[in-house]
Protein chains: 2
Amino acid sequence: MLMPRKPAYDRDALIAKAKDIFWRQGWAGTSLKDLERELKLKPGSFYAAFGSKDALYALTMESYTREGVARLKALAEKLGPKGALKAQPRFVIEAVENPTKACMLAKTYAELQAKDHDLADQAARHMTEMKACFAELFRSAQKAGEIRSEHDPDRLAARYQSDILGLRLSAERKDVDADEIAADIAADIDRL
Amino acid sequence: MLMPRKPAYDRDALIAKAKDIFWRQGWAGTSLKDLERELKLKPGSFYAAFGSKDALYALTMESYTREGVARLKALAEKLGPKGALKAQPRFVIEAVENPTKACMLAKTYAELQAKDHDLADQAARHMTEMKACFAELFRSAQKAGEIRSEHDPDRLAARYQSDILGLRLSAERKDVDADEIAADIAADIDRL
DNA sequence: TATATACTTGAGCGATCGTTCAATAAACTC
DNA sequence: GAGTTTATTGAACGATCGCTCAAGTATATA
């Protein structure tokens with residue numbers, strides 16, 4: 001048997017690069033020309049590597065979610081569940097490596113839900129997964145006695161995620177002091 | 001002087017109709033074919049009436065904001081400033097006449113900000129205007145003694161608007177009970 | 001009724017969309 | 001090196017994008 005030629009590109013690096021572009025510009029706002037230029041791939045190579053624009057978009061959302069979950073768990077490892085929940089708001093809007101402040105999943109869902117696009121469903125599932133992570137942290141914090149047990153952790157998680165989505169969108173505005181909002185969200189955790 | 005023929009359409013009604021389409025589908029997600037079909041206008045009439053897709057989009061955002069401000073002020077007239085702030089969350093997610101729950105201005109800003117599109121700036125200005133309305137209500141509530149005066153009304157308004165944006169986006173999800181979030185936001189007002 | 005004016009119509013413009021594919025170049029085994 | 005397999009290239013496809021404009025139609029005044 002003969003061994004084939006190896007691709008010249010690093011697939012994971014290309015997904016990471018594409019994620020930044022999609023995250024910033026959205027689905028319709030990113031053309032194949034954009035991707036070809038930034039990823040330095042001609043059409044043939046692009047389609048051999050990823051199959052379609054939508055398939056690559058799905059890969060970038062998976063990567064986005066995986067990293068988000070990992071970061072949250074690392075934060076909980078270091079600061080405990082309540083500490084992680086209090087730190088997360090400030091963290092998400094201060095990450096300078098992000099191409100934009102708003103949540104990629106929320107942007108995707110908002111853009112494509114009306115079209116009943118598959119990517120909207122996938123974004124929704126990823127958001128559900130993130131919400132479950134938040135709920136798990138609230139449950140842990142309750143077990144640790146850091147949050148009163150009279151609260152429903154799933155309800156807390158839904159409200160918390162909603163607040164974070166609003167915060168991240170607000171953080172893109174020039175007339176809003178997102179640090180203040182983040183501080184207020186964190187302060188709310190202390191009152192639970 | 002001779003008098004011309006009158007248009008067969010109601011311009012304001014067309015703007016209202018276009019607003020629903022843009023609100024639901026977004027800027028890139030709405031094609032001129034969509035508008036021609038829904039507004040029952042051929043290209044020539046469309047461009048004679050509105051000039052361009054973007055010009056019509058701007059008109060719909062103006063109408064959207066004008067109606068939002070009017071509704072809020074009507075609510076304040078009836079329920080007082082604090083009552084309006086408490087009622088607004090439930091109100092925005094329960095309005096069945098809306099084509100979608102999420103805020104049109106936020107959707108527009110999120111979609112077009114990366115492109116430095118003029119419509120993103122206009123959306124941002126309209127959001128600033130809404131925020132000023134909220135701040136005015138918080139100030140009134142403080143004057144009426146319904147909210148403690150130690151709070152900064154502008155900061156309260158920014159947080160409140162952020163929460164509403166998150167709520168309205170969350171309300172489009174099937175796995176989230178938006179009524180609970182709305183109730184929790186309203187409950188926060190009582191603790192100020 | 002004649003005429004001027006504006007509205008309506010729809011074919012079609014150039015540009016760009018996501019995608020395909022045949023031709024060429026490169027890297028592997030034998 | 002010969003032979004085979006895959007990666008790379010870039011022209012070009014059909015569809016759709018926002019938009020233009022000349023031709024036809026309807027309504028007003030005179």
Side-chain angles (χ1 to χ4, degrees), chain A residues 1-15 17-19 21-61 108 111-112 114-120 122, chain B residues 1-15 17-19 21-61 108 111-112 114-120 122:
Chain A
M1 289 305 290
L2 297 175
M3 286 295 288
R5 180 181 170 191
K6 285 181 299 186
Y9 50 78
D10 176 349
R11 197 180 139 92
D12 287 341
L14 290 186
I15 294 174
K17 185 85 179 166
K19 175 175 62 186
I21 305 172
F22 281 136
W23 187 351
R24 225 178 72 83
Q25 306 185 357
W27 179 79
T30 304
S31 70
L32 256 295
K33 270 234 155 68
D34 292 334
L35 294 168
E36 289 162 24
R37 184 179 52 251
E38 302 286 335
L39 305 186
K40 296 179 176 51
L41 280 186
K42 310 294 174 185
S45 295
F46 180 92
Y47 282 90
F50 302 114
S52 71
K53 174 185 171 181
D54 286 359
L56 175 57
Y57 199 105
L59 288 175
T60 64
M61 280 201 297
T108 302
E111 180 181 3
L112 298 178
K115 298 179 119 68
D116 280 312
H117 197 298
D118 286 344
L119 290 170
Q122 297 177 43
Chain B
M1 289 301 290
L2 296 175
M3 285 296 286
R5 181 180 168 191
K6 282 180 296 182
Y9 50 76
D10 175 349
R11 197 180 140 91
D12 287 341
L14 290 186
I15 293 175
K17 184 87 180 165
K19 176 174 62 186
I21 305 171
F22 281 137
W23 188 351
R24 224 178 71 83
Q25 306 185 359
W27 180 78
T30 304
S31 71
L32 260 126
K33 273 235 155 71
D34 292 333
L35 294 168
E36 288 163 22
R37 185 179 50 252
E38 301 286 335
L39 305 186
K40 295 179 175 50
L41 280 186
K42 309 294 174 186
S45 295
F46 180 92
Y47 282 89
F50 301 114
S52 72
K53 174 185 171 180
D54 285 1
L56 176 56
Y57 199 106
L59 288 175
T60 63
M61 280 201 298
T108 302
E111 181 182 4
L112 298 178
K115 296 179 120 68
D116 280 314
H117 198 297
D118 285 344
L119 290 170
Q122 297 177 42

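Order of the sequence lines fixes the chain letters, A, B, ..., with proteins taken first and strands second; residue numbering starts at 1 for each chain. Just so it is clear, the values below take in all heavy atoms, side chains as well, and ignore hydrogens, waters and symmetry mates. Note that this is a predicted model, so its numbers are computed, not measured.
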Atom pair distance, as rounded to whole Å: [atom1] in [X] and [atom2] in [N]:
X: B:Leu41; N: C:dT8; atom1: CG; atom2: C1'; answer: 10 Å
X: A:Phe46; N: C:dG18; atom1: CZ; atom2: P; answer: 9 Å
X: B:Lys40; N: C:dG10; atom1: NZ; atom2: C1'; answer: 18 Å
X: B:Arg11; N: C:dT8; atom1: CZ; atom2: P; answer: 13 Å
X: A:Arg37; N: C:dC17; atom1: CZ; atom2: C1'; answer: 14 Å
X: B:Phe50; N: C:dT8; atom1: CZ; atom2: P; answer: 11 Å
X: B:Leu56; N: D:dC19; atom1: CG; atom2: C1'; answer: 14 Å
X: B:Leu39; N: C:dT9; atom1: CG; atom2: P; answer: 13 Å

Any sub-3.5 Å donor-acceptor pair from A:Glu111's side-chain atoms to A:Trp27's backbone N or O?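 Yes, A:Glu111 side chain to A:Trp27 backbone: donor-acceptor pair under 3.5 Å.
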Report the nucleotide, chosen from [options], that has the shortest atom-to-atom distance to any side-chain atom of [X].
X: B:Tyr9; options: C:dT8, C:dG10, D:dT9; value: C:dT8
X: A:Ser45; options: C:dT20, D:dG18, D:dT9; value: D:dT9
X: B:Tyr47; options: D:dG18, C:dG10, C:dT8; value: D:dG18
X: A:Leu32; options: C:dG18, C:dA11, D:dG18; value: C:dG18
X: B:Glu36; options: D:dG18, C:dC17, D:dC19; value: D:dC19
X: B:Lys42; options: C:dT19, D:dT9, C:dG10; value: C:dG10

Comparing A:Lys33 and B:Gly44 on DNA chain C - which has the more 5′ nearest nucleotide: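 Final value for this comparison: B:Gly44.
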Taking side chain as C-beta onward, heavy atoms only, is [X] less than 4.5 Å from [Y]?
X: B:Glu38; Y: B:Thr30; value: no
X: A:Leu14; Y: A:Phe50; value: yes
X: A:Asp118; Y: A:Asp54; value: no
X: A:Leu56; Y: A:Phe22; value: yes

